[in-house]
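The structure under discussion appears below in the form of structure tokens.
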Amino acid sequence: MGCSLAYHLAVRGRKPLLLERGRLGGGSTGRCAGGVRQQFSTAINIRLGQRAIELLQQFEATTGTDPQYQPIGYLLLATASAQAEALARDVALQRHLQVPVEVLGAAEVSQLVPGLLTEDVISASLCASDGLAGPNEVTTGYAGAARRHGAKVEEGIDVTGIDLNGERVVGVRTNRGPVSTPEVVICAGPQSRQVGAMASIKVPVDPLKRHVLLIEPFAGQPIRSPMTIDLATGFYFHPEGDGLLMGMGDPAQPIGEDFTVDWDFLPKVVEEGSRRLPALAQAALRTVWAGLYEMTPDRQPLVGGAPDRPGVWLACGFSGHGFMMAPPVGESLAAVICGKSPQVDLGPFSPLRFVSGILAPESVFI
Ligand SMILES: Cc1cc2nc3c(=O)[nH]c(=O)nc-3n(C[C@H](O)[C@H](O)[C@H](O)COP(=O)(O)OP(=O)(O)OC[C@H]3O[C@@H](n4cnc5c(N)ncnc54)[C@H](O)[C@@H]3O)c2cc1C
């Protein structure tokens, strides 16, 4: 998010300074699954998904880096009638917004993903232009292009404080000394609550651990398949190199900044996965890691001016969708910061919504 925003501000003639305490991509971005989709339940997320794909298609021309966008499609499986009804409602909204989504029955799903168990599938939705992109390529592509347009991108600098004059921001403090500035954007991923507290702002973002499992090639593996998601369990997989990448949320996972792998939980992922893709039962694990989602109470990001803190902006709380949202949110927030019209109206993400009580939660959450 920081790299995208730095790039889009620099393109507009600003000279932003991006401060990263570790290495670029060392936070949630470097641990994510790289998924990009338009199949959401809220209009704003659908529009951001559409714009994300447009920006990824233009990425090499604008930044000089191939973002490794692979339109393998996203396939969402509904196995309960309430899910199928919600899927139909979401598809209607997506089609209204010109997203090319198909609705498939169990037999078509079987053909699309050989080896998948589909007896219980009531309906499924497929959008062929959804897919994957490279977190490393997108992050470094934006950082390099931001620098070429005049941004400063500094690694190994820890922001330790935010200085205010009354309510207005006047600078930040770091482990390498102070920086004067009339404007600050808090885009610190799962650590945004702590950075917000430096300006006495309550930023409702909590870290939530998620695992990603990489599986060795196995007999019966679907060689070509979309990102496939079982909506009932949240189990998902997609081809990754010669193997498979998969994951599933743990409903019992407590909030907290924790990167340890829960070896006790992994058999549950394999069990649910093998129910959907039986050949998985014989597969071997190549590697596993844990990363943090940055959750807000309504699973929607916080993007816009911080309440009662002129000069402070928030771009955080992406609740598991921040990789795909970074290109379009960076583009539109940069426009707003520069006093221009954004490509996508970010109003529904306003941090003021927890004061006004006007919430529009996203329900297609993986
Ligand atoms: C397992 C997993 C799978 C995911 N899959 C997907 C997916 O398929 N698609 C998708 O769109 N999203 C996915 N996500 C979510 C996505 O990774 C995040 O929403 C996104 O990376 C957030 O980007 P960010 O730049 O806001 O945060 P981060 O990448 O965490 O960057 C924030 C940076 O701020 C730095 N920082 C924090 N505090 C300070 C400080 N005081 N001073 C200086 N620097 C500081 C951190 O070091 C960090 O590098 C996934 C997440 C996980 C964990």
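For this chain, numbers begin at 1 and follow the sequence in order. Order of listing sets the numbers, starting from 1, for every ligand and every atom in it.
Between F40 and H321, the ring planes are perpendicular. Angles over 60° get that label, and only those under 30° would be called parallel.
Between the side chains of D130 and Q39, at least one donor N or O sits under 3.5 Å from an acceptor N or O. Side chains of Q300 and N45: a donor-acceptor N/O pair is present below 3.5 angstrom, by distance only.
Residue pairs meeting the ring-ring contact (aromatic ring centres under 6.0 Å, His included) criterion with at least one partner in residues 269-292, sequence neighbours excluded, do not occur; the list is empty. Identified under the ring-ring contact (aromatic ring centres under 6.0 Å, His included) test for residues 155-208, with sequence neighbours left out: none. Screening residues 250-274 for salt bridge (Lys or Arg N to Asp or Glu O under 4.0 Å) gives K209-D258, K209-D262, E271-R275, E272-R275 as the qualifying pairs, with residues at least two apart or on separate chains.
Protein residues lining ligand 1, listed by chain and number: M1, L19, E20, R21, G27, S28, T29, R31, C32, A33, G34, G35, I157, D158, V159, C187, A188, G189, P190, Q191, V195, R210, V212, G291, L292, Y293, E294, F318, G320, H321, G322, F323, M324 [non-hydrogen atoms, distance under 4.0 Å].
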